[in-house]
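Read the structure below first, then the notes.
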Amino acid sequence: MIQIKTSKNYTISSLAYLASHSNGKTVVIASATGVSQYYYKAFAEFLCAKGHNVYTFDYQGIGSSLKGPIKKVKATATSWAKVDLEAVLNYCIKEHPTHSLTIMGHSIGGQILGLAPSCRHADQVILIASQSGYWKLWKGFGRLRMLTNWYFIFPLVTSLMGYFPGEKLSAMKNLPKGMAQEWRNWCVSKNYLFDHVPKEMLHFKDVRKSMTIYSVSDDVYAPKEAVDWLAARYSNATIERIHL
């Protein structure tokens with residue numbers, strides 16, 4: 001475990017899987033919302049065995065990056081991108097200056113990638129189930145579930161508890177209050193984070209090389225339409241779009 005210092009002077013916990021015989025490629029895995037970096041351990045080890053150097057990390061307030069009571073954590077969804085992910089990318093670029101850089105984003109990891117300025121250094125981006133969270137992009141019962149989440153469960157429970165108790169109510173880790181509230185606001189907005197983040201903070205168009213973007217037909221959290229919507233925001237990349 002290594003500690004990566006951020007521009008805000010707190011540290012992010014990261015696991016480095018360093019190949020004994022490097023192939024000159026470094027991979028950064030940006031986790032889904034409330035998912036511990038240990039979830040990706042087996043996959044990181046697989047890539048490492050193939051010669052890749054791989055870095056996983058926990059956003060502020062999650063897993064090994066939770067230092068102290070979660071109610072005191074000031075993280076937001078935006079800070080997860082501009083501070084946490086940015087710090088990890090800068091660290092990897094500095095540690096492996098001659099390597100090609102692949103960024104793999106899972107769910108929110110691919111959403112907030114476009115808020116991290118150093119995304120422009122990626123030689124390759126792979127997104128897994130990265131989508132807009134706008135609730136009307138779901139259909140049927142899924143839409144009703146998302147409406148209930150964003151208009152009732154998230155705002156009420158987060159305000160009452162001072163954080164979102166994901167470990168009790170879902171498969172997620174607990175979420176810091178500011179992150180849960182900002183994410184909720186994105187998810188009730190037609191243009192998702194683009195309705196809230198100033199244009200000068202958006203770096204989606206700076207990703208200019210190859211992207212592979214996956215969605216899965218039975219994924220209730222990332223319907224094809226929502227993944228397609230986010231994919232279109234990376235308008236300058238060369239995209240291979242795969243729906244399984």
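Closest approach of A75 to W80, counting heavy atoms only: CB-NE1, 3.7 Å.
Using modelled atom types, one finds no donor on one side chain facing an acceptor on the other under 3.5 Å when comparing Q131 with Y192. For the 3.5 Å distance criterion, the side chains of Q3 and S13 qualify, holding a donor opposite an acceptor. No hydrogens or angles considered: nothing links the side chains of H96 and Y91 as a donor-acceptor pair under 3.5 Å. With 3.5 Å as the limit, one finds a donor-acceptor pair spanning the side chains of H196 and S189. In the model, S118 has a side-chain atom that pairs as donor or acceptor with a side-chain atom of E86 under 3.5 Å. Checking D84 against Y10 by side-chain atom types alone, a donor-acceptor pair falls below 3.5 Å. For the residue pair Y214 / H243, no side-chain donor-acceptor distance below 3.5 Å is found, with atom types taken as modelled.
Taken from NZ in K82 to OG1 in T6, the straight-line distance is 13.0 Å, to the nearest 0.5 Å. The distance from the OG1 atom of T98 to the CD1 atom of I93 is 12.5 Å, given to the nearest 0.5 Å. One distance of note links OG of S31 with CD1 of I112; it measures 9.5 Å at 0.5 Å rounding. Here CD1 of I108 is found 10.5 Å from CG of L230. Values are rounded to the nearest 0.5 Å. Residue N23 holds its CG atom at 11.0 Å from NZ of K50, rounded to the nearest 0.5 Å.
Using a 4.5 Å cut-off between side-chain heavy atoms of Ile, Leu, Val, Met, Phe, Trp and Tyr, with links allowed through other members, L169 and I70 fall into the same hydrophobic cluster. Taking hydrophobic clusters as Ile, Leu, Val, Met, Phe, Trp and Tyr residues chained together by side-chain heavy-atom distances below 4.5 Å, V88 does not share a cluster with I126.
Within the 6.0 Å centre-distance limit, the rings of W183 and F154 are counted as a close aromatic pair.
A salt bridge links R241 to D228: one of the charged nitrogens lies within less than 4.0 Å of a carboxylate oxygen.
A cation-pi arrangement is found for R184 relative to Y151, the charged atom lying closer than 6.0 Å to the ring centre and inside a 45° cone about the ring normal.
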message: Determine whether I213 and I242 satisfy the following criterion, side chain to side chain contact (heavy atoms under 4.5 Å, CB included), listing intermediate values before the conclusion.
response: CA-CA 6 Å; I213 300 179; I242 299 175; over 6 Å; no
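No more than 12 heavy atoms of other residues, nucleotides or ligands sit less than 6.0 Å from atom NZ of K74. The environment of F194 atom CZ is dense: over 12 non-hydrogen atoms of other residues, nucleotides or ligands sit within 6.0 angstrom.
Between the N236 side chain and the V207 main chain, no donor and acceptor come within less than 3.5 Å of each other.
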